[in-house]
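Remarks on the structure that follows.
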Amino acid sequence: MEDDSSDFEITHSPFGWTKSYKIQVKGHPLAESSKVITKDSSGIPDKELTSDALKGESKIRSYWKIMSPDGNLVNIGDFDFKNHKTLEILAKYESAKQRNADVPPPHVALMKKLGISDYEPASDSGNMRFFPNGRLIKSLIERYVTDRVKEYGGYEVETPIMYDSEHPSMVSYFNRFPARQYNIDSDGKKLFLRFAACFGQFLMANQYQMSYKNLPYKLYELTRYSFRREQSGELVGLRRLRAFTMPDCHAFCKDMTQATDEIKKRFELSQSVLHELGIDESDYDMAIRFTEDFYNEHKSVIEELVKKHGRPVLVEMWKEKFFYFVLKWEFNFIDNLKKASALSTDQIDVENGERYGIEFVDENNTKKHPIILHNSPSGAIERIIYALLEKAAKDSKEGRKPQLPFWLAPTQVRIIPLNEEFYDFCETLSTKISFNEIRVDVDDRNESIGKRISIAEKEWIRYILVIGEKEVNSENLSIRDRTTGKVVELSFENFLNEVKEQTKGKPFSTLNLPKYLSKRPQLMV
RNA sequence: GCCUUGGUAGCUCAGCUUGGUAGAGCGAACGCCUCGUAAGCGUUAGGUCGCGGGUUCGUACCCCGUUCAAGGCUCCA
């Protein structure tokens, strides 16, 4: 683009004279390198017609490599992917943008079938509704992630979901992505819905008087919601939404040494959180991205993270810093359509401390800006549900029984009375079971045993107790375990112990549906 | 934003090629059956075939437009 207004050639102007031009460049809204370019009618040449972003973009260069746990770094082309098929998919997906899906991802049908969530036609695309089962699952995951972050040392806060785009602290970056935000006009104010928890927490951190002795200091928010008005065609089931729930923990660190120490702890936290949520190390592949400078100065940090992952890792090395961070890693889940999506992630941000005026005083009584880590230990909660459903769909495809982690199952135990003679017994039994923090319901409908078993099986319910003459007159229960399909006899106490063992250390919430299935309306989605 | 596909009963879908009184399964209501580990039987109720226009004696069906949705692409900061 030329730095001279006379070079603009106007071929037509349907509504009178064109009064101004506004050209915007894509980039992270927090990235200084992304600038708004305007050219007004005054004809005065704009000194910044060519943005830093454009200059940077033309120069940004990525080197794609694979790093093995032993620290060996090779070019993608030289790596043998024979035993690392999903990593190969991720590498091609990221480096060559190779994709080849032509059917809906299987989790979309499952999320409806299990009564978890659905599209809400009366809202905007990508704004899902969560039915009782889905809300229960989501709430349990939210609580679990929050508990773990607090245990790690994050302090939970709450910040507004909308911001005034003309407020001085917002002006510097708001206009970078007008098409990707929800904008609200309210009484003359131009508000936008937050797309991340970052600036809410940065503005809050700005209010603290911090000493180096206070650092690292960690703020955490579970944003319900963050909003990104993605293009309509980008939205896919629970994988990609316009309104999503994002746990976001920022650590303010006094220097790079502290930041790299901290990022290791958060790496382990993320691994552990995913594992406990039911997503194993083998379910995701790691990518790590950093600047060449960072690599040269902190090679051992990168190698240590890769070693913790224990498998080869996709590496993207930038010739120079283009974003606000110098290092970023993420765990990528590969779904049944071979699509990659990021779950956990962390970044080392070296710019926003200064940009937001966040300060601390160091040992020498000098004011400094902290390095900020941006970690989501799980990624979006909706995306966790997506990953769990995609895993279940994969199990199903490969001949295994699909299931959710037991602590997330909307119904954990179902009681089926043989006929109404046994209703009283079932009422007492179900009360006793639910008293022990187990979600139990009773299928008291006038249907055959076979049909009620079949229905329970389709709801992926782990334990089924059929109650008839035999059980009423026995000390033991007949327990059908879905994982084996076999019926075993166990005493009430032993059964209880078996169930409790599987939910140990996880949050609990009571059944979120009527206990009796005869009282339950059918959800038709 | 672009491309593709779709919108028929509460849900899933058939019917459209070749225009002629709207179909099934599931679910629901009612009744029968009273059942031992993956779907027992019957009856009934439910539809301006997304919306608008055109063609035709006549359109769910053909044509044009429009709208909404899903999926793909770009994108994912």
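In what follows, chains carry the letters A, B, and so on, assigned in the order in which the sequence lines appear, proteins first and then strands, with residues in each chain numbered from 1. Every value quoted in this text rests on a predicted model; they were computed, and no experiment measured them. Values below: all heavy atoms of this structure, side chains included; hydrogens, waters and symmetry mates excluded.
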Does G72(B) fall in syn (glycosidic angle within 90° of 0) or anti?
anti
What does Gly237(A) touch in the nucleic acid at a heavy-atom separation under 4.0 angstrom: a base, only the sugar-phosphate, or nothing?
sugar-phosphate
Close side-chain approach of Ile288(A) to His309(A), heavy-atom, < 4.5 Å:
no
What is the nucleic acid contact for Leu418(A), judged by heavy atoms within less than 4.0 Å: base, sugar-phosphate only, or nothing?
base
Taking OP1 and OP2 of C33(B), is either one under 4.0 Å from a side-chain nitrogen or oxygen of Lys451(A)?
no
In the structure shown, which nucleotide is the Watson-Crick or G-U wobble counterpart of A24(B), with both distances under 3.5 Å?
U12(B)
Would Phe406(A) and Tyr463(A) count as a close aromatic pair, with their ring centres under 6.0 Å?
yes
Protein-nucleotide distance (Ile449(A), atom CD1; U34(B), atom P), rounded to Å:
14 Å
Could you give the CG-to-P distance, from Asp118(A) to G10(B), as a whole number of Å?
16 Å
Taking atom C1' in both A70(B) and G31(B), what distance in whole Å separates the two?
41 Å
Of Tyr119(A) and Lys112(A), the one whose nearest nucleotide on RNA chain B sits closer to the 5' end is Lys112(A)
Residue-phosphate contact under 4.0 Å: Ser448(A) side-chain N/O, G40(B) OP1/OP2
yes
I need the Ile438(A) CD1 to Gln502(A) CD distance, nearest 0.5 Å.
9.5 Å
Between C35(B) (C1') and Glu420(A) (CD): distance, integer Å
11 Å
Return the orientation label for the Tyr163(A) and Phe192(A) ring planes: parallel under 30°, perpendicular over 60°, tilted otherwise.
tilted
Using a heavy-atom cut-off of 4.0 Å across all strands, would you classify Lys401(A) as base, sugar-phosphate, or nothing?
base
U43(B) versus G6(B) - spacing of their C1' atoms, nearest Å:
35 Å
Taking the side chain as C-beta and beyond, is there a heavy-atom pair between Phe252(A) and Leu219(A) under 4.5 Å?
yes
Interatomic distance, CZ@Arg266(A) vs OG@Ser344(A), rounded to 0.5 Å, equals 11.5 Å
Confirm from the modelled atom types if Glu471(A) and G36(B) form a donor-acceptor pair under 3.5 Å, side chain to base only.
yes
Tell me the interatomic distance from Gln522(A), atom CD, to A29(B), atom C1', rounded to whole angstroms.
13 Å
Distance check, C1' atoms only: C68(B) and U8(B), in whole angstrom units.
16 Å
Answer with base, sugar-phosphate or nothing: what part of the nucleic acid does Glu469(A) contact at a heavy-atom distance below 4.0 Å?
base
What's the closest nucleotide to the side chain of Ser125(A) if the choices are G71(B), A69(B), U37(B)?
A69(B)
What does U55(B) pair with, Watson-Crick or G-U, if both distances are under 3.5 Å?
none
Within the structure shown, what part of the strands sits under 4.0 Å from Lys470(A) by heavy-atom distance: base, sugar-phosphate, or nothing?
base
For G1(B), give the paired nucleotide (Watson-Crick: N1-N3 plus N6-O4 or O6-N4; G-U: N1-O2 and O6-N3; both under 3.5 Å), or none.
C73(B)
By nearest nucleotide on RNA chain B, pick out whichever of Gln347(A) and Val236(A) is the more 5' one.
Val236(A)
Nearest-Å distance once atom P is located in both G46(B) and G52(B):
23 Å
Using the P atom as the point on both nucleotides, what is the distance between C63(B) and C26(B), in whole Å?
35 Å
Does the side chain of Arg239(A) get closer than 4.0 angstrom to OP1 or OP2 of G72(B) through an N or O atom?
yes
Looking only at atom P, what distance separates G71(B) and C33(B), rounded to whole Å?
48 Å
Evaluation steps, side chain to side chain donor-acceptor pair (under 3.5 Å), between Thr483(A) and Asp481(A)
CA-CA 6 Å; Thr483(A) 53; Asp481(A) 185 339; 2.6 Å; yes
Listed nucleotide nearest any side-chain atom of Val466(A), set G72(B), G71(B), G36(B):
G36(B)
Run the salt-bridge test on Glu447(A) and Arg452(A) with the 4.0 Å N-O cut-off and return the result as yes or no.
no
How many angstroms lie between atom CG of Asn133(A) and atom CD of Glu459(A), to the nearest 0.5 angstrom?
8.0 Å
Whole-Å gap separating P (C32(B)) and CG (Asn419(A)):
16 Å
Rounded distance in Å - CZ (Arg480(A)) to P (G36(B)):
15 Å
C76(B) base to Arg228(A) side chain: any donor-acceptor pair below 3.5 Å?
no
Nearest-Å distance once atom C1' is located in both C61(B) and G50(B):
16 Å
Consider the side chain of Met524(A), meaning its heavy atoms from C-beta on, and name the nucleotide among G27(B), U37(B), C73(B) that approaches it most closely.
G27(B)
Using both distances under 3.5 Å as the test, list the Watson-Crick or G-U wobble partner of U18(B), or none.
none
Between G71(B), C75(B), A38(B), spot the one nearest the side chain of Arg240(A), thanks.
C75(B)
C49(B): pairing nucleotide in any strand, Watson-Crick or G-U under 3.5 angstrom
none
Report which part of the nucleic acid Leu235(A) touches: base, sugar-phosphate, or nothing (heavy-atom distance under 4.0 Å, all strands).
sugar-phosphate
Nucleotide C35(B), atom C1' - distance to CG of Asp444(A) in whole Å:
16 Å
Heavy atoms only, 4.0 Å cut-off, all strands: where does Gly450(A) land among base, sugar-phosphate and nothing?
sugar-phosphate
Asn446(A) (side chain) and C35(B) (base): donor-acceptor pair under 3.5 Å
yes
Reckon Lys339(A) has a side-chain N or O less than 4.0 Å from the OP1 or OP2 of C73(B)?
yes
G40(B) pairs with which nucleotide, Watson-Crick or G-U wobble, both distances below 3.5 Å?
C32(B)
Using atom CZ of Arg242(A) as one end and atom P of C75(B) as the other, report the distance to the nearest whole Å.
17 Å
